[in-house]
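Every heavy atom of this structure was used, including side-chain atoms; hydrogens, water molecules and symmetry mates were not. Here is how names work: the chains are called A, B, and so on, in the same order as the sequence lines, proteins then strands, and each is numbered from 1.
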Amino acid sequence: MTKTDDHFFNKVYDVARMVPYGRVTTYGAIAKFIGSPQAARMVGWAMNKSFSQKEFVPAHRVVNRNGMLTGKHHFGTSDAMEQLLKNEGIIVIDDAIINFKKHFWDPANLID
DNA sequence: TAGCTGACGCCCT
DNA sequence: CAGGGCGCCAGCT
């Protein structure tokens, strides 16, 4: 546990990487899990910066509380995020995840 | 150096 | 039912 591991962003990346394949979580869930429930918007900002991270961060598995791909515009192409999710078996229609509740994975609920 | 802004979410009119 | 404001923390101009 180095000093950098205490950084907010680093915690966000850590949690994001915990999201299992084929599952998704929300900005708010991550924020809450790392102890800053009201910093959900920072989680989004962290995801943005995650592209420049050395280790891979599955940013496409993080959506807003409604299961909508609000951050898709930050991926290379407009449908990159959607394709990544579909590739994991998640149906996405009109920027919204179908059966979001079913695919949702709460970091606080490690027991699935 | 100080201030603005952002992939959100919740509460209050 | 809908719209607006605030908090949160760090990077960028």
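Counting heavy atoms from C-beta outward, A/M42 and A/F9 have side chains that approach closer than 4.5 Å. The side-chain heavy atoms of A/T25 and A/F33, taken from C-beta on, include no pair separated by under 4.5 Å. Taking the side chain as every heavy atom from C-beta outward, A/V24 and A/V19 never approach each other to under 4.5 Å.
The salt bridge (charged side-chain N to carboxylate O under 4.0 Å, His left out) analysis of residues 27-55 of chain A, with sequence neighbours excluded, yields no pairs. Note on residues 87-98 of chain A: pairs passing salt bridge (charged side-chain N to carboxylate O under 4.0 Å, His left out), not counting sequence neighbours, are A/R61-A/E88, A/K72-A/D95. Screening residues 73-84 of chain A for side chain to side chain donor-acceptor pair (under 3.5 Å), with sequence neighbours left out, gives A/N48-A/H74, A/T77-A/D79, A/E82-A/K86.
Distance OH (A/Y13) to C1' (C/dC9): 12 Å, rounded to an integer number of Å. Look at CG on A/N10: it is 12 Å from P on C/dA10, rounded to the nearest Å.
Rounded to the nearest Å, the gap between the P atom of C/dT13 and that of B/dA7 is 14 Å.
Both A/I34 and A/Y13 belong to a single network of hydrophobic side chains, linked directly or stepwise wherever heavy atoms of I, L, V, M, F, W or Y lie under 4.5 Å apart.
Contacts between residues 40-48 of chain A and DNA chain C, defined by a heavy-atom separation below 4.0 Å, involve A/R41, A/M42, A/W45, listed by number. A heavy atom closer than 4.0 Å to some atom of DNA chain C occurs in no member of residues 57-83 of chain A.
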Could you give me the CA-CA distance, side-chain angles and deciding distance for A/R17 and A/V57, then say whether side-chain contact (heavy atoms from CB on, under 4.5 Å) is met?
CA-CA 6 Å; A/R17 283 192 280 255; A/V57 179; 3.4 Å; yes

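Note that CD1 of A/I91 and CG of A/L85 are 10.5 Å apart. Values are rounded to the nearest 0.5 Å.
Of all nucleotides in DNA chain B having an atom under 4.0 Å from a heavy atom of chain A, the first and last in 5' to 3' order are B/dG6 to B/dC10.
Summarising the geometry of A/T26 relative to A/F100, their closest heavy-atom pair is CG2-CZ, 3.5 Å, with the distance given to 0.1 Å.
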